[in-house]
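Following: one structure in structure tokens, then a few remarks.
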Amino acid sequence: MSADFRNENQPFDTIVMVDWSGVPDRGPVPKPNAIWAAALRGDRVEAPRYLRSIAVAEAWLIDLVHAETLAGRRAMIGLDVPFGYPGEAGRTLTGSGDPRALWSLLAEGLAALGPGETRFDLAARLNARFAGDGPFWFNGHPEREIAGLSRTKPPLPPGLSDRRLVERLARGSFSCWQMGGNGAVGSQAMTGMATLHRLSQTFPDELSVWPFDPPRAVQLVEIWPSLFADRAARLLEERDDLPRHGRDRAPIKDAAQVLAMVELMKEAQEDGRLGRWLDAPPEEARRSEGWILGVERATPLAPPPLSDDCFALPPGVAWTPVDVALGLLRERLGPVTGTEVVPLDRSDGRILASDVAAPRANPPGANAAVDGYGFAHAATGAGPQTLPLLAGRAAAGVPFGGAVPPGAALRILTGALLPAGVDTVVLEEDTRSDDGWVAFNGPVRAGANTRRAGEDIGAGALALPRGHAMRPPDLALLAATGVDRVAVRRRLRVGVLSTGDEIVAPGSDPDPSRTYDSNRPMLLALARRWGHEAVDLGHVPDDRQRLRAALDGAQAEVILTSGGASAGEEDHVSALMRDEGTLASWRIALKPGRPLALGMRRGVPVFGLPGNPVASLVCALVFARPALSLMAGGPWPEPLAMTVPAAFEKRKKPGRREYLRARLGPDGAEAFRSEGSGRISGLSWAGGLVELADGAVHVRPGDPVRFLPYAGFGLG
Ligand code: AMP
Ligand code: MG
């Protein structure tokens with residue numbers, strides 16, 4: 001799949017990261033720390049460079065693009081300014097959804113400023129193109145009022161958003177409508193987009209602006225260093241070669257930031273993240289809004305490693321009740337998988353790595369719910385109604401261009417956008433029509449047979465939360481709102497290893513002293529059913545060295561072993577981990593099951609499941625399933641349980657929970673005829689498990705019992 005995500009221009013020979021600034025280049029004295037840039041050329045990271053003003057920075061970038069393209073090198077240049085405005089704002093300003101039209105408008109607007117005028121005056125002029133007060137606000141001139149630019153935040157014009165899609169992912173980002181004040185980015189956005197215009201005009205064939213253009217030799221990308229503030233902070237702590245200023249010679253933060261960004265992009269290029277980031281932006285971002293490179297990392301991508309004493313039990317605990325064991329796992333395990341972006345139609349079964357907001361409302365516009373006739377409700381009343389019909393009709397996908405005057409009606413079909421003037425539809429079956437007229441009995445309820453825009457889900461509303469495991473209906477929901485790719489957790493790599501001298505591959509050796517390996521195919525299949533990547537680690541005999549080598553060499557984020565988990569002399573899984581000090585053997589008050597050897601080896605949890613296949617399955621369903629789900633970034637899944645009458649009789653002593661192989665018959669839950677833990681046929685006979693509580697139980701036929709169907713454990 002990673003092949004889909006290669007950006008053909010990678011690897012970049014040169015990576016330049018620029019910290020822009022809203023400071024205009026028209027002031028008499030250049031402001032300190034206006035613009036900083038850092039570069040990677042080949043393998044060498046160059047010292048951060050100070051660019052006094054936008055004009056100087058632009059000239060430097062132009063030289064750079066010339067030099068890179070002449071030398072046949074591929075380059076990526078990051079600018080920390082938004083490359084677009086949210087939603088439809090660009091269209092309102094320019095009459096076109098093309099971001100280039102917006103950049104050119106801003107560049108020309110800034111160039112046309114009169115004497116003494118600044119970008120705040122431009123903001124006021126742009127506001128005039130919107131309804132109400134317009135979105136731009138904040139006047140940076142304390143002494144001068146600017147008509148059309150409020151000093152405080154006015155209400156946003158209807159339909160306009162404060163944030164782009166990507167900014168809903170990037171927590172703490174500022175709105176581009178705010179032109180000044182602490183942290184504001186409105187001015188940078190303007191001057192930066194004007195620069196985008198000039199650069200792309202200068203190099204129409206050599207330079208592309210991501211994510212709008214197909215990649216060219218030099219790509220301009222939007223960055224937001226605050227996403228990676230931790231890295232800049234580390235540089236400030238650790239490096240003594242940073243540029244400094246002031247009397248106390250403090251290192252300059254902006255310089256550290258661009259340097260940190262260059263180092264980060266270098267790493268990301270080397271480990272393949274950069275290619276995925278470049279390919280991540282959704283359709284809406286590619287059309288007009290733009291995207292922040294690497295924003296995926298702002299979603300919970302690099303979870304902290306699980307702690308080494310993750311499985312430690314309180315001292316003195318002999319038998320751990322099932323619920324206590326589950327509670328401990330739930331508390332201590334967390335996601336260990338990174339994220340990747342996949343096309344929506346490949347996302348079934350995957351776990352969302354971040355919240356997904358609806359890019360577009362569903363339905364996007366008010367439309368007809370039935371075939372019939374549309375009209376303005378206000379012009380109708382009770383009793384027989386006869387309305388003149390306009391020529392033409394409104395059909396799904398073929399809107400009626402004109403307006404329907406009050407008192408007139410129009411033929412309208414299911415799914416058609418309501419034309420201007422129509423708010424109500426009368427069902428075709430309730431009417432009679434004859435050339436030019438439609439008649440029906442009033443009153444018809446206002447808004448009847450119509451669907452409101454956004455009545456299903458509004459634009460920008462949370463469609464699905466992070467951690468949600470995608471199912472086919474979820475694909476429909478996201479597709480309906482315009483989502484075509486989603487950030488999901490990478491699949492958890494679950495290694496499965498069988499242990500035991502007697503274990504051989506099925507069918508390989510008829511010697512009756514041999515046992516065919518039945519756990520491994522079962523556990524591998526379980527891992528796959530649960531949506532993980534199953535890694536077959538094979539089989540090792542009861543040999544400490546071979547076991548250690550198998551565990552150490554495993555390319556897995558969690559390992560399930562079977563066999564050798566008890567405390568006997570041939571129980572090498574628990575023995576190895578005990579010797580290493582990584583074992584937390586849980587004696588769980590559970591039948592069948594009991595020994596569960598849990599260990600953390602170098603950050604990789606090992607679930608030592610019992611060898612006995614019946615116990616192995618029960619422990620996998622009860623413990624491994626929810627544990628793996630958490631590690632994969634998903635929810636803690638509770639098994640689906642139903643209360644049904646027992647079709648069996650059974651007495652049990654107090655002290656441990658018991659699971660019986662069971663299935664539903666005409667009289668309720670039937671239990672398998674034998675409880676022998678070697679009876680694998682019972683596992684296959686069963687359709688689920690009956691769970692008997694930890695205390696003493698006497699079940700008689702007809703008594704209610706808890707039946708957990710296999711399907712509820714994800715085994716359909
Ligand atoms: P152990 O936990 O290693 O003492 O194994 C308990 C029982 O389970 C023994 O009878 C083993 O032969 C059997 N067993 C262990 N591993 C497997 C396996 N992978 N497939 C089938 N049976 C197994
Ligand atoms: Mg064994």
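One is the number of the first residue; the rest follow in order along the sequence. In each ligand, atom 1 is the first atom listed, and ligand 1 is the first ligand listed. Values below: all heavy atoms of this structure, side chains included; hydrogens, waters and symmetry mates excluded.
Ion pairing of Asp694 with Arg657 is present here, as a side-chain N (NZ or NE/NH1/NH2) and a carboxylate O approach within less than 4.0 Å. A salt bridge does not link Arg276 with Glu340: every distance from a Lys NZ or Arg NE/NH1/NH2 to an Asp or Glu carboxylate oxygen is 4.0 Å or more. Under 4.0 Å is where a charged nitrogen must lie from a carboxylate oxygen, and between Glu263 and Arg234 no such pair does. A salt bridge does not link Glu580 with Arg602: every distance from a Lys NZ or Arg NE/NH1/NH2 to an Asp or Glu carboxylate oxygen is 4.0 Å or more.
Residue-level proximity to ligand 1 for Asp517 is carried by backbone and side chain together, each with a heavy atom below 4.0 angstrom. Only the side chain of Glu502 comes within contact range of ligand 1, with a heavy atom under 4.0 Å; no backbone atom does. The side chain of Pro613, and not its backbone, has at least one atom closer than 4.0 Å to an atom of ligand 1 (non-hydrogen atoms only; side chain from C-beta on). If you look at Ser518 next to ligand 1, the close heavy atoms, those under 4.0 Å, come from the backbone and the side chain alike.
For ligand 1, the polar-atom distance check against Pro610 finds no nitrogen or oxygen pair separated by under 3.5 Å. Residue Arg520 has no N or O atom closer than 3.5 Å to an N or O atom of ligand 1.
Atoms of ligand 1 found under 4.0 Å from any heavy atom of Gly564, numbered from 1 in the order shown, are 1 (P), 2 (O), 3 (O). Taking a cut-off of under 4.0 Å to the non-hydrogen atoms of Thr515, the atoms of ligand 1 that pass are 12 (O), 21 (C), 22 (N). Ligand 1 places these atoms under 4.0 Å from at least one heavy atom of Asn612: 6 (C), 7 (C), 8 (O). Close approach to Ser562 involves these atoms of ligand 1, each under 4.0 Å from a residue heavy atom: 19 (N). Residue-ligand proximity, Tyr516 to ligand 1, at heavy-atom distances under 4.0 Å covers atoms 20 (N), 21 (C).
With hydrogens and angles ignored, the 3.5 Å screen pairs no side-chain donor or acceptor of Ser562 with any backbone N or O of Ser498.
The side chain to side chain contact (heavy atoms under 4.5 Å, CB included) test with Thr561 singles out one residue from Val573, Val496, Asn519, and that residue is Val573.
Not a single heavy atom of Gly500 sits closer than 4.0 Å to an atom of ligand 1. Remark: distances from the non-hydrogen atoms of Ser566 to ligand 1 are all 4.0 Å or more.
Checking Ser574, Gly611, Pro506 against atom 15 (C) of ligand 1, the nearest heavy atom belongs to Gly611.
Residues Arg673 and Arg679 are in side-chain contact: their nearest non-hydrogen atoms beyond the backbone lie under 4.5 Å apart.
Heavy-atom minimum distance, Ala669 versus Phe707: CB-CD1, 4.5 Å.
Residue Asp43 qualifies as open at atom CG: its count of foreign heavy atoms under 6.0 Å is 12 or below.
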